[in-house]
Amino acid sequence: MSEQVTGREQEPKAVDYPPEPWDLAGTGAITTWRVPVAALPRLPSGVRPAAWRGTALVTTAFVRYDERGLMAYDELLAAVLVRHGRGLALSITDIWVDSPTSVAGGRGHWGIPKDLATFGERYAETADGPIAAASFSPRRAPDLRLPLPLRGSVVQTLDGATKASPIRAGGTVRPATARWDLAETGPLAWLRAGRPGLSLLARDFSMRFGS
């Protein structure tokens, strides 16, 4: 972790942040979920969940960005797979980091609703209490290197308008088993209505966020 956060963490002070795009690198642990559409948080105007039989696909991830990229910090996020226009995109509904610079840039550039939290080893909490913890175990399977950079977009609300921002990622992943502990009264409690599915460990990845 690059910046330690203490005290009340919901309203970070205004800080300067780098221009886009952000080139980041690190490791991560990812789980997909099937969640009833009725349980989802509010999404940006003009998008809808990519639902099947009343359930949506949600991704959660603990990420640790390191010094190979623009910034080093820890992150926990939840994102919903949505339909935007004629294509698919992700919309980040909940996200915490331990970097005030990342909070300011995420909100200012792309409308990503970042808040501050403190992190342990795949554990995150705010001054109001725990958010989530997770443990991952790699399966007996070889690492899979993505053959090409994956391209997509993240759709958020920025200054009252819906904004789509490009992302590109590549790296190495391995299937894993995961156990998530979501705080019963925490901000990710809505995920408890769903069921976890595929989990992956991203042992080494890079990402470009923004245009």
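On a predicted model such as this, the values are computed, not experimentally measured, just so you know.
- Looking at heavy atoms from C-beta onward, L81 lies out of side-chain contact with P49 at the 4.5 angstrom threshold.
- In this structure, R107 CZ and S102 OG are separated by 10.5 Å, a value rounded to the nearest 0.5 Å.
- In this structure, the side chains of W33 and T59 stay at 4.5 Å or more apart for every pair of heavy atoms.
- The shortest distance between side-chain heavy atoms of P113 and D94 does not fall below 4.5 Å.
- Nearest approach of R42 to T93, heavy atoms of both residues: O-CG2, 4.4 Å.
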Less than 3.5 Å apart, which donor and acceptor atoms pair up between the side chains of residues 153-168 and the rest of the protein, not counting sequence neighbours?
residue, atom, partner, partner atom, Å
Q156, OE1, I92, N, 2.6
Q156, NE2, I92, O, 3.1
T162, OG1, S45, O, 2.6

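- Residues V103 and D115 fail the side-chain proximity criterion, which asks for heavy atoms closer than 4.5 Å.
- Remark: R64 CZ to R122 CZ distance equals 8.5 Å, nearest 0.5 Å.
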- Task: Could you check M207 against F205 for side-chain contact (heavy atoms from CB on, under 4.5 Å), going step by step and ending with a plain yes or no?
- Result: CA-CA 7 Å; M207 182 178 70; F205 76 90; 4.2 Å; yes

- Message: The test is side-chain contact (heavy atoms from CB on, under 4.5 Å); show your working for L191 and T60 and say whether it passes.
- Response: CA-CA 10 Å; L191 274 170; T60 55; 3.4 Å; yes

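- The heavy-atom pair separating W190 from A39 by the smallest distance is CB-O, 3.5 Å.
- Put simply, the side chain of L76 reaches to within 4.5 Å of the side chain of L188, judged on heavy atoms.
- Between F62 and W180, the distance separating the two ring centers is shorter than 6.0 angstrom.
- Proximity of a side-chain donor or acceptor of T55 to a complementary backbone N or O of W52 within less than 3.5 Å is detected.
- Contact record, L201 with A29: CD2-CB, 3.9 Å, taken as the closest heavy-atom pair.
- Between R139 and A176, the shortest heavy-atom distance links the atoms NE-O, 3.6 Å.
- Rounding to the nearest 0.5 angstrom, the gap separating the CD1 atom in I112 from the CD1 atom in I95 is 6.0 Å.
- Under the 4.5 Å side-chain criterion, counting only non-hydrogen atoms from C-beta, T101 is in contact with P18.
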- Message: For a side-chain contact (heavy atoms from CB on, under 4.5 Å) check, start with the C-alpha distance between I131 and W96, then their side-chain angles and the critical distance, and finish with the verdict.
- Response: CA-CA 9 Å; I131 304 168; W96 298 266; 3.6 Å; yes

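- Tested against W22 for a ring pair (Phe, Tyr, Trp, His ring centres under 6.0 Å), the candidates F209, W110, Y65 yield a single pass: W110.
- Looking at Y123 and P130, their side chains come closer than 4.5 Å, going by heavy atoms from C-beta outward.
- At a threshold of 4.0 Å, the pair D181-R192 does not count as salt-bridged, since none of the basic side-chain nitrogens sits closer than that to a carboxylate oxygen.
- We find the NE2-OH distance between H109 and Y17 to be 5.5 Å, quoted to the nearest 0.5 Å.
- The two residues P21 and R208 have their closest heavy-atom pair at CB-CG, 3.8 Å.
- Side-chain heavy atoms closer than 4.5 Å link hydrophobic residues (I, L, V, M, F, W, Y) into clusters, and following such links, even through other members, never connects I30 to L57.
- The two residues S91 and P44 make their nearest non-hydrogen contact at OG-CD, 3.2 Å.
- Looking at D204 and R68, a side-chain N of the basic residue comes within less than 4.0 Å of a carboxylate O on the acidic one, giving a salt bridge.
- By the 4.5 Å heavy-atom criterion applied to side chains, V82 and L90 are not counted as neighbours.
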- Task: Please step through side-chain contact (heavy atoms from CB on, under 4.5 Å) for the pair K114 and E75, ending with a clear verdict.
- Result: CA-CA 9 Å; K114 293 186 179 183; E75 180 176 88; 4.1 Å; yes

